[in-house]
Amino acid sequence: MTEPLFDKIALIGIGLIGSSLARVIRRENLAHEIAIATRSQDTLDRARELELGDIYTTDMAEGVRDADLVIVSVPVGSSGDVAEQIAPALKAGAIVTDVGSTKGSVIAQMAPFIPHGVHFIPGHPLAGTEKSGPDAGFADLFQNRWCIFTPLPDTDPQALEKLSEFWRRCGSNIDTMDPEHHDKVLAIVSHLPHIIAYNIVGTADDLQTVTKSEVIKYSASGFRDFTRLAASDPTMWRDVCLHNRDAILEMLARFSEDLAFLQRAIRWGDGDKLFDLFTRTRAVRRSIIEAGQEIDAPDFGRKSVETTPKK
Ligand code: NAP
């Protein structure tokens, strides 16, 4: 077993991401001690029942006391509040990072509170599910997934290397980019797909001519795949939309233009245009499988969910 990388790691927020970190930190022996701080007593009690840490508190400042690594895993809109609460208790030389899905806004909210002598390195593991809360996490969540850092101009290279090593031992591959670029990339690969899913599921839910029970009954024809994304945490995704507004609006404008092109091709019976697009997109999926970011199994590798069809 390798030596722990950190003496004490503080996890601020213990939902899907925080609790997955707790589990992988334990499994890989990455810290001598794990402190867990979360806002509500209920979530804290559940984390204790699950034995995710060694120290439990609802006092964020208490949680980070003496920690060498602090990982903030709360909805991006709460990052500033959390930074303000933990700032006075941060140890000199500690690394503070986050896992937020937007980076420009998190940096703007957190950086002003981080004291000199503490290394603030914003991060984002590109790994998740539609579930939330401490029960949802699992130690393999970050395995073979990318973790993107958006270091600040004065980031200490040694601190960055130590944090990179931490994420590598969690199973991740590391990349760095500037925050603005991160927010644009994520707008297309993550934020737009979720918004489209929320929208399509909302449209189906509002339909008058097709009944809700028909939408559910026949969902395996495609609709079902959108519902997984559209079941994602409403607080998290409200915050993502509000905190990556410019990049999302830019991508939505492009999306609307392309949708109009598709609409025109369908209206005028332009099969060649449709065929060309659908061929190009099929190749994109092949590339994702080749990159090891999806498995090549029919129906997304799902096992049949039921043996007897429900009426
Ligand atoms: P989650 O399962 O809903 O857990 C959220 C955690 O944040 C809980 O501990 C919750 O505390 C705490 N929290 C909620 N509101 C808060 C507030 N106003 N102030 C302080 N703490 C608050 O969320 P998650 O999926 O782990 O997401 C956490 C972060 O990871 C988000 O920034 C998200 O953008 C990012 N992320 C998520 C995914 C994903 O797929 N889910 C992937 C990559 C990155 P209580 O329960 O005690 O209230």
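Every number for a ligand or one of its atoms is a count from 1 in the order of the listing. Counting begins at 1 with the first residue of the sequence. Computed from a predicted structure; not experimentally measured.
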Q: Between Arg254 and Glu257, is there a side-chain N and carboxylate O pair less than 4.0 Å apart?
A: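 Salt bridge between Arg254 and Glu257, a charged N being under 4.0 Å from a carboxylate O: no.
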Q: Could you identify the single nearest non-hydrogen protein atom to atom 44 (C) of ligand 1 and state the distance to 0.1 Å?
A: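 Here the closest protein heavy atom is Val99 O, 3.2 Å.
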Q: For Ser73, counting its heavy atoms only, list the atoms of ligand 1 lying under 4.0 Å from any of them.
A: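 Answer for ligand 1: 6 (C), 7 (O), 28 (C).
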Q: Nearest protein heavy atom to atom 46 (O) of ligand 1, by residue and atom, and its distance?
A: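 Here the nearest protein heavy atom works out to Thr43 OG1, 2.6 Å.
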Q: For the pair Glu161 and Arg168, find out whether any cationic side-chain nitrogen is under 4.0 Å from an anionic carboxylate oxygen.
A: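 Salt bridge between Glu161 and Arg168, a charged N being under 4.0 Å from a carboxylate O: yes.
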Q: So, does Ala127 sit close enough to ligand 1 that a heavy atom of it is under 4.0 Å from the ligand?
A: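 Right, Ala127 reaches ligand 1.
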Q: Regarding ligand 1, does Leu16 bring an N or O atom to under 3.5 Å of one of the ligand's N or O atoms?
A: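 Yes.
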Q: Which atoms of ligand 1 sit under 4.0 Å from any heavy atom of Gly100?
A: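 Once the distances to Gly100 are compared, the set is 32 (O).
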Q: Are the charged groups of Asp140 and Arg27 less than 4.0 angstrom apart, N to O?
A: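 Answer for the salt bridge query: yes.
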Q: Would you mind checking if Arg238 and Asp233 are paired as a salt bridge, meaning a charged N to carboxylate O distance below 4.0 Å?
A: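 Salt bridge flag = no for Arg238 with Asp233.
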Q: Please check whether Gly13 reaches ligand 1 - meaning an N/O of the residue sits under 3.5 Å from an N/O of the ligand, judged on distance alone.
A: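 No, there is no polar N/O contact under 3.5 Å.
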Q: Would you mind listing which atoms of ligand 1 come within a distance below 4.0 Å of any non-hydrogen atom of Thr129?
A: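 Going through ligand 1 atom by atom, the ones under 4.0 Å from Thr129 are 40 (O), 41 (N).
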Q: When rounded to the nearest 0.5 angstrom, what distance separates OG in Ser20 from NZ in Lys131?
A: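 Separation between the atoms: 12.0 Å.
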Q: Identify, for atom 14 (C) of ligand 1, the protein heavy atom at the shortest distance, and state residue, atom and that distance.
A: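 Of every protein heavy atom, Pro75 CD, 3.4 Å lies nearest to atom 14 (C) of ligand 1.
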Q: Counting both backbone and side chain atoms, is some N or O of Val82 under 3.5 Å from an N or O of ligand 1?
A: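 Such a contact does not occur with ligand 1.
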Q: Quick one: do Asp68 and Lys162 make a salt bridge, cutoff under 4.0 Å?
A: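 No, this pair does not count.
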Q: Would you say Val76 contacts ligand 1, with heavy atoms under 4.0 Å as the rule?
A: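 Val76: in contact with ligand 1 (<4.0 Å).
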Q: Can you label the angle between the Trp237 ring and the His194 ring as parallel, tilted or perpendicular, going by 30° and 60°?
A: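 Judged by the thresholds at 30° and 60°, the geometry between Trp237 and His194 is parallel.
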Q: Which residue supplies the protein heavy atom nearest to atom 31 (C) of ligand 1, what is that atom called, and how far is it?
A: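 For atom 31 (C) of ligand 1, the nearest protein heavy atom comes out as Val74 O, 3.3 Å.
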Q: With backbone taken as N, CA, C and O and side chain as the heavy atoms from C-beta onward, which portion of Ser78 lies under 4.0 Å from ligand 1: side chain, backbone, both, or neither?
A: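 Under 4.0 Å from ligand 1, Ser78 contributes side-chain atoms alone.
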Q: List every atom of ligand 1 that sits less than 4.0 Å from any heavy atom of Gly128, numbering the atoms from 1 in the order shown and giving each element.
A: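 Heavy-atom distances to Gly128 below 4.0 Å select 39 (C), 40 (O).
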Q: Do Met60 and ligand 1 have an N or O pair less than 3.5 Å apart?
A: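 For ligand 1, there is no N or O atom that lies under 3.5 Å from one belonging to Met60.
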Q: Looking at ligand 1, is there an atom of it that comes within less than 4.0 Å of some heavy atom belonging to Lys131?
A: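 Judged by the 4.0 Å heavy-atom criterion, Lys131 does not count as contacting ligand 1.
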Q: Any ion pair linking Glu165 and Arg169 (charged N to carboxylate O, less than 4.0 Å)?
A: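 The answer is yes: the pair qualifies as a salt bridge.
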Q: Which of the atoms of ligand 1 are close to Ser101, meaning less than 4.0 Å from one of its heavy atoms?
A: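 Atoms satisfying the 4.0 Å criterion: 33 (C), 34 (O), 35 (C), 36 (N), 44 (C).
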Q: Go through the side-chain N and O atoms of Ser287 and Glu290 and say whether any donor and acceptor fall under 3.5 Å apart.
A: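 Side-chain D/A pair, Ser287 to Glu290: absent.
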Q: Scan side-chain atoms only and decide if Ser19 and Arg23 contain a donor-acceptor pair under the 3.5 Å cut-off.
A: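 Yes, because at least one side-chain N or O of Ser19 sits under 3.5 Å from a partner of the opposite role on Arg23.
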Q: Determine whether the side chain, the backbone, both or neither of Ser232 has a heavy atom under 4.0 Å from any heavy atom of ligand 1.
A: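 Neither part.
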Q: Any side-chain heavy atom of Val96 within less than 4.5 Å of one from His119?
A: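 Not touching, per the 4.5 Å side-chain cut-off.
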Q: Pick whichever of Glu130, Met236, Gln85 has a heavy atom sitting closest to atom 37 (C) of ligand 1.
A: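 It is Met236 whose heavy atom sits nearest to atom 37 (C) of ligand 1.
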